[in-house]
Amino acid sequence: MRIISSAIIINSLTKQYPGAKGKALDDITLAFNSGKIHSIIGRSGAGKTTLIRCLNLLEEFDSGQMTVAGQQTHNLTSVQRRTILKKMGCIFQKFNLLSRKTALENVMVPLEWQGVDKKSAQLKAREFLARVGLGGYEDRYPSQLSGGQCQRVAIARALVNESKILLCDEFTSALDPETSLEILALLRQLNQDLAITIILITHDMNVVREISDFVYVMDQGKIVEQNNVEQILLYPQHPVTKALLTGLFIRELPHHLQHSLTPVPSEGDVIMRLIFSRESSQSPVIADIIRQYDIPINIIAGSMDHLRAAVFGTLLISAPYQEATQKLIMSYLTQHGISCEVLGYLPSEVCHG
Ligand SMILES: Nc1ncnc2c1ncn2[C@@H]1O[C@H](COP(=O)(O)OP(=O)(O)O)[C@@H](O)[C@H]1O
Ligand SMILES: [Mg+2]
């Protein structure tokens, strides 16, 4: 068996809509690893939907190449096109279920389209409805299902052809936060059980945090930043990424303190940013420093969270400045796997007053 490490590879993909000023896709080169979950984020109009529509062969691009599961997508015969489409399923914000068909019949649609006989199609559709947690709901119509259940039907329909790639465009936008989380958990389960590659667009940074392995940031038709989810969340580089992540983690000092921050060590406090990543120690390091070295550390702001099972996040702290104290804190933290950066110095009355 040939092992394909990239589910989809695109090379210099470019597209401009007729009459548009700028390019919707501007020279995009990417490889989506098999079996991983990829999130594409970006402001409205960045080109995300256009990209996913190109991946799904719904949209033509002007130039560039694309390979899906090892197959080039250029100049396809209709049989080749079908074979490629069979490898990819899609879910959307609006579920797009057929209202006159039951849940089971909706899931059977792609199988019938592929010419599978009715009996086998029913069997397979039942199996996939059960997989998405809807065993017993076969005969319900979409109007008799909740939003979350409709999205589950749509997921079953997208995967029933044994598709190995799932493309999702804003699929949680119409769901409440709790239902979104359930759908995310389901996708992660399917990703693990069936080794499905998932490529999703979202504007919800909680979705990104909950589910992604890799994150791609789009702006004006370009990929401006890409990395694994931890690096993107903890060390965002591009201004667009930082703007999109605002509010998810507190990384910067409150405004009123930022004005007084100086880069020169002085009488007063040193301000540090601590970043806890997956590898960081779970021990209460700040409390330990205070206790062991009798340094009065003050927590200014921060936000800690979980990325799957691990704690991560940022913490902004201040401590009375002395060169030796600063060195001691930094080396203690570094030894415990916490990255630590001096943001600057503040007169102590600013910090505590
Ligand atoms: N069918 C279309 N015809 C013309 N312009 C379009 C069409 N679809 C999208 N665009 C334009 O292409 C750019 C990218 O749009 P889109 O891919 O929908 O971005 P996103 O999904 O990131 O919001 C935008 O400037 C948008 O106005
Ligand atoms: Mg869009």
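As the structure is a prediction and not an experimental result, all values here were calculated from the model. In each ligand, atom 1 is the first atom listed, and ligand 1 is the first ligand listed.
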Quiz item: Should Lys48 and Asp219 be marked as a salt bridge (Lys or Arg N to Asp or Glu O under 4.0 Å) after you check the CA-CA gap, both sets of side-chain angles, and the distance that decides it?
Solution: CA-CA 9 Å; Lys48 306 179 297 294; Asp219 192 47; over 6 Å; no
Self-check item: atom 8 (N) of ligand 1 touched by protein heavy atom at under 4.0 Å
Solution: yes
Exercise. May I ask you to decide whether Arg100 forms a salt bridge with Glu105, counting only side-chain N to carboxylate O separations under 4.0 Å?
Key: no
Quiz item: Among Gly47, Gly45, Gly22, which one has a heavy atom closest to atom 25 (O) of ligand 1?
Solution: Gly45
Self-check item: Nearest candidate to atom 15 (O) of ligand 1, where distance is taken over non-hydrogen atoms, out of Thr50, Ile41, Ile40, Asp169
Solution: Thr50
Quiz item: Quick one: does Arg43 get a heavy atom under 4.0 Å from ligand 1?
Solution: yes
Quiz item: Quick one: nearest non-hydrogen protein atom to atom 18 (O) of ligand 1, plus distance?
Solution: Thr49 CB, 3.8 Å
Quiz item: atom 6 (C) of ligand 1: which protein heavy atom is closest, and how many Å away?
Solution: Tyr17 CD1, 3.2 Å
Taking the side chain from [X] and the backbone from [Y], do they hold a donor-acceptor pair closer than 3.5 Å?
{"X": "Ser180", "Y": "Asp176", "result": "yes"}
{"X": "Gln322", "Y": "Gln326", "result": "no"}
{"X": "Thr197", "Y": "Ile165", "result": "no"}

Quiz item: What about Tyr321 and Tyr345, are their ring centers closer than 6.0 Å?
Solution: yes
[X]: numbered ligand 1 atoms lying under 4.0 Å from its heavy atoms:
{"X": "Ala24", "result": "12 (O)"}
{"X": "Ser44", "result": "23 (O)"}
{"X": "Ala46", "result": "19 (O), 20 (P), 22 (O)"}

Practice problem: Mind telling me whether Tyr216 and Phe32 have parallel, tilted or perpendicular rings, with 30° and 60° as the class edges? | Solution: perpendicular
Quiz item: N/O/S atom of Thr49 under 2.8 Å from the Mg ion (ligand 2), yes or no?
Solution: yes
